Amino acid sequence: MLANHPLRGHIYENWVVSEYCKKYYNRGIEPPLYFWRDARHEIDLVIDEGSRLYPVEIKSSYTFNSDFVTNLEYFCRLQKIPIVGDCVYAGDKNFTFQNFNILPWSVVGASSAAARPS
């Protein structure tokens, strides 16, 4: 039922954010996680790393699309930092696209770079 549910994207996004939260809480760290939006762009998850804000885009699509990183690029340009960030999607391939980590949902719940607490 969830695969065709009209709120699938919102449910998926909440699940991914909760997995990031668990990674921090399991290490006894208050999650430095935020959401960011301006008039035309949004970043689903922003991780405060102290010296920069690390952007994470979350997409419920099973297939990666290059448009998924558009807001990540914009956010990095605003900070005047190198183009970096993660895009978590519902697919199963783990790869890099234009300096962004494209991560399947399966690595978010596992011990991986997607957890990002350091």
Side-chain angles (χ1 to χ4, degrees):
M1 286 178 59
L2 185 57
N4 297 316
H5 196 281
L7 295 176
R8 177 180 186 262
H10 298 291
I11 294 167
Y12 181 78
E13 186 175 315
N14 280 307
W15 174 79
V16 171
V17 170
S18 71
E19 290 298 311
Y20 274 86
C21 285
K22 287 186 336 190
K23 291 290 188 179
Y24 285 96
Y25 282 130
N26 285 338
R27 292 187 175 159
I29 301 169
E30 183 72 27
L33 307 177
Y34 303 92
F35 167 82
W36 177 85
R37 174 187 286 168
D38 70 6
R40 294 185 357 225
H41 303 91
E42 77 173 35
I43 298 295
D44 299 321
L45 182 63
V46 176
I47 303 170
D48 185 349
E49 294 185 332
S51 61
R52 71 175 178 189
L53 300 173
Y54 190 88
V56 179
E57 187 66 27
I58 302 167
K59 298 293 185 184
S60 64
S61 173
Y62 292 103
T63 306
F64 174 76
N65 183 313
S66 61
D67 291 341
F68 292 175
V69 301
T70 302
N71 288 340
L72 296 173
E73 291 170 324
Y74 177 80
F75 189 76
C76 290
R77 283 194 306 272
L78 280 180
Q79 292 189 88
K80 298 178 181 167
I81 63 169
I83 302 295
V84 295
D86 293 347
C87 177
V88 177
Y89 77 120
D92 58 3
K93 303 282 190 259
N94 187 343
F95 59 97
T96 301
F97 177 79
Q98 297 178 354
N99 288 342
F100 295 108
N101 301 310
I102 311 304
L103 306 170
W105 65 271
S106 59
V107 303
V108 176
S111 179
S112 70
R116 295 212 64 80
S118 46

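Here the structure is a predicted model, which means the values were calculated and not measured.
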| field | From OG (Ser18) to NZ (Lys23), nearest 0.5 Å | value | 11.5 Å

| said: I need the minimum non-hydrogen distance between Phe68 and Cys87, along with the two atoms involved. | reply: CB-SG, 3.8 Å

| message | Are Phe75 and Ile83 connected into the same hydrophobic cluster when the rule is that any two of I, L, V, M, F, W, Y join if their side-chain heavy atoms are below 4.5 Å apart? | response | yes

| request: Keeping the roles fixed (side chain from Asn65, backbone from Asp67), state whether a donor-acceptor pair exists under 3.5 Å. | output: yes

| message | To the closest 0.5 Å, what do you measure between CG (Leu33) and OH (Tyr24)? | response | 5.5 Å

| said: Going by side chain to side chain contact (heavy atoms under 4.5 Å, CB included), Pro55 matches just one of Ile43, Val69, Asp86. Which one? | reply: Ile43

| Same cluster (ILVMFWY, side-chain, under 4.5 Å), Trp36 and Val84 | no

| request: Considering non-hydrogen atoms only, spot the tightest contact between Tyr89 and Ser61 and give its length. | output: CD1-O, 3.5 Å

| said: Could you tell me if the side chain of Thr96 sits less than 4.5 Å from the side chain of Asn101, heavy atoms only? | reply: yes

| Roughly how far, to the nearest 0.5 Å, is CG of Leu53 from CG of Leu45? | 11.0 Å

| With respect to Leu72, which candidate in Glu57, Gln98, His41 satisfies the side chain to side chain contact (heavy atoms under 4.5 Å, CB included) definition? | Glu57

| message | Pair Tyr12, Val88 - check side chain to side chain contact (heavy atoms under 4.5 Å, CB included), show working. | response | CA-CA 10 Å; Tyr12 181 78; Val88 177; 3.8 Å; yes

| message | Testing the basics here: between Ser60 and Gly9, what is the closest heavy-atom pair and its distance to 0.1 Å? | response | OG-CA, 3.6 Å

| query | About how many Å separate CD1 of Ile47 and OH of Tyr20, when rounded to the nearest 0.5 Å? | reply | 5.5 Å

| side-chain hydrogen bond (donor to acceptor under 3.5 Å, both in side chains): which pairs involve residues 68-79, sequence neighbours left out? | Asp38-Tyr74

| Which atoms form the tightest heavy-atom contact between Gly50 and Asp48, and what is the distance? | N-OD1, 2.9 Å

| About how many Å separate OG of Ser66 and CD1 of Ile102, when rounded to the nearest 0.5 Å? | 10.0 Å

| Within-4.5 Å side-chain heavy-atom neighbours: Val17 and Asp44 | no

| message | Taking the side chain as everything from C-beta on, heavy atoms only, tell me whether Val107 gets closer than 4.5 Å to Asn94. | response | yes

| task | Quick one: pull up CZ in Arg52 and CD1 in Ile81 and give me the separation to the nearest 0.5 Å. | result | 5.5 Å

| Is it true that Val56 and Val46 fall in one hydrophobic cluster, defined by side-chain heavy atoms closer than 4.5 Å? | no

| Under 6.0 Å between ring centres, would you say that holds for Phe64 and Phe95? | yes

